[in-house]
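Structure, as structure tokens:
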Amino acid sequence: MELQTRELVGDFYAPNGKIAIVASRFNDTIVNRLIEGAQDALLRHGVKASQIEVAKVPGAYEIPLACQRLAQTHRYDGIIALGTVIRGATAHFDYVAGACANGILQVQLATNVPILFGVLTTESIEQAVERSGTIAGNKGYEAAMGLLEMINLFGKIND
């Protein structure tokens with residue numbers, strides 16, 4: 001006897017609703033490239049520019065709170081979190097990177113709004129540059145693609 005199972009897989013189609021991008025102003029040269037990558041991915045997959053809103057926050061530590069406020073409005077199908085945290089000589093990196101990642105996770109779980117983590121956590125400025133559109137691709141683009149997949153997966157789950 002062959003089992004018939006339904007596989008739920010997200011696609012990369014544009015949603016009907018809005019998408020928010022929450023981006024850190026700290027390390028803005030790198031973050032702006034991540035924003036460009038995310039916008040490029042969304043536009044290439046049919047999202048209209050009028051459906052995309054960008055909220056800027058001071059640093060990565062503030063990203064989860066802005067994501068929470070946006071998610072609580074129920075105006076967004078999903079959110080992309082973008083920033084860059086580069087390791088330095090102190091423990092600051094560990095606190096900021098960990099708090100940002102955990103905060104975003106908590107917001108997703110509390111609101112059921114998918115938030116893609118496009119916050120670079122690197123050992124050097126060179127690694128951050130590589131991940132913002134050079135050697136290692138653009139992690140903003142990848143986060144946007146992941147968000148489209150999650151939004152579409154949620155649509156199939158709700159069907």
Side-chain angles (χ1 to χ4, degrees), residues 10 12 14-15 17-152:
F12 301 103
K18 290 187 176 194
I19 293 175
I21 298 173
V22 176
S24 165
R25 286 194 327 269
F26 199 79
N27 292 314
D28 66 339
T29 302
I30 293 165
V31 177
N32 287 338
R33 292 173 70 176
L34 296 173
I35 294 169
E36 290 169 7
Q39 290 172 328
D40 181 42
L42 295 172
L43 294 171
R44 285 179 188 261
H45 288 82
V47 178
K48 295 179 180 90
S50 62
Q51 291 176 268
I52 304 168
E53 295 183 357
V54 179
K56 298 265 184 120
V57 297
Y61 196 80
E62 292 76 28
I63 290 173
L65 182 59
C67 288
Q68 179 175 285
R69 290 295 289 255
L70 290 165
Q72 289 172 338
T73 69
H74 305 288
R75 292 190 330 232
Y76 302 94
D77 289 345
I79 301 169
I80 302 166
L82 301 175
T84 303
V85 185
I86 301 169
R87 187 177 299 280
T90 69
H92 183 257
F93 171 92
D94 298 314
Y95 293 117
V96 173
C100 182
N102 188 50
I104 290 169
L105 172 64
Q106 295 305 316
V107 172
Q108 285 188 103
L109 294 174
T111 63
N112 283 316
V113 174
I115 304 171
L116 262 287
F117 187 78
V119 178
L120 302 180
T121 54
T122 64
E123 298 295 321
S124 68
I125 188 81
E126 293 80 16
Q127 287 179 348
V129 169
E130 288 172 1
R131 287 157 180 77
S132 65
T134 61
I135 297 168
N138 187 304
K139 300 304 179 186
Y141 190 101
E142 292 177 20
M145 294 301 294
L147 182 66
L148 291 176
E149 185 175 354
M150 287 298 293
I151 291 169
N152 284 288

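Around the CZ atom of Phe12, the shell of radius 6.0 Å holds more than 12 heavy atoms that belong to other residues, nucleotides or ligands.
The structure places CD1 of Ile79 at 11.0 Å from CD of Glu53, a figure rounded to the nearest 0.5 Å. Rounding to the nearest 0.5 Å gives a distance of 6.5 Å between NZ of Lys139 and CZ of Arg131. Ile86 contributes atom CD1, which lies 8.5 Å from atom CD of Glu126 (distance to the nearest 0.5 angstrom). One distance of note links OG of Ser132 with CG of Asn138; it measures 6.5 Å at 0.5 Å rounding. Note that CD1 of Ile30 and CG of Leu120 are 7.5 Å apart. Values are rounded to the nearest 0.5 Å. Rounding to the nearest 0.5 Å places CG of Asn102 at 6.0 Å from CG of Leu105.
Between Arg33 and Glu36 no salt bridge is recorded (no basic side-chain N to carboxylate O distance below 4.0 Å).
Taking 4.5 Å as the limit, some side-chain heavy atom of His45 sits within range of a side-chain heavy atom of Met145. A heavy-atom distance below 4.5 Å is found between the side chains of Ile35 and Asn32. At least one side-chain heavy atom of Thr84 sits under 4.5 Å from a side-chain heavy atom of Leu34. Here the side chains of Phe117 and Cys100 are in contact, with some heavy-atom distance below 4.5 Å. Counting only heavy atoms from C-beta outward, the side chains of Ile151 and Ile19 approach each other to under 4.5 Å.
When the side-chain hydrogen bond (donor to acceptor under 3.5 Å, both in side chains) test is applied to Ser50, no partner is found at least two apart in sequence or on another chain. For Asp28, the side-chain hydrogen bond (donor to acceptor under 3.5 Å, both in side chains) test picks out no residue, with sequence neighbours left out.
Heavy atoms only, all atoms of each residue included: Leu116 and Ala143 are closest at CG-O, 3.3 Å. For the residue pair Ala81 and Cys67, the shortest heavy atom distance occurs at CB-SG, 4.3 Å. Taking all atoms of both residues into account, the shortest heavy-atom contact from Asp94 to Arg87 is OD1-NH1, 3.3 Å. Taking both residues in full, the closest heavy atoms of Ala20 and Leu70 are given as CB-CD1, 3.9 Å, listed atom of the first, atom of the second, then distance. Between Pro64 and Ala99, the shortest heavy-atom contact is CG-O, 4.1 Å. Across all non-hydrogen atoms, the minimal contact from Gly78 to Val113 is CA-CG1, 3.9 Å.
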For this session: Check the pair Gln39, Ile21 against side chain to side chain contact (heavy atoms under 4.5 Å, CB included), reporting the backbone distance first and the verdict last.
Result: CA-CA 9 Å; Gln39 290 172 328; Ile21 298 173; 4.0 Å; yes
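Of the candidates Leu148, Leu147, Leu42, Pro15 forms a side-chain contact (heavy atoms from CB on, under 4.5 Å) with just one, namely Leu148.
Without hydrogens or angle criteria, Gln108 side chain to Ile115 main chain gives a donor-acceptor distance under 3.5 Å. Proximity of a side-chain donor or acceptor of Gln127 to a complementary backbone N or O of Glu123 within less than 3.5 Å is detected.
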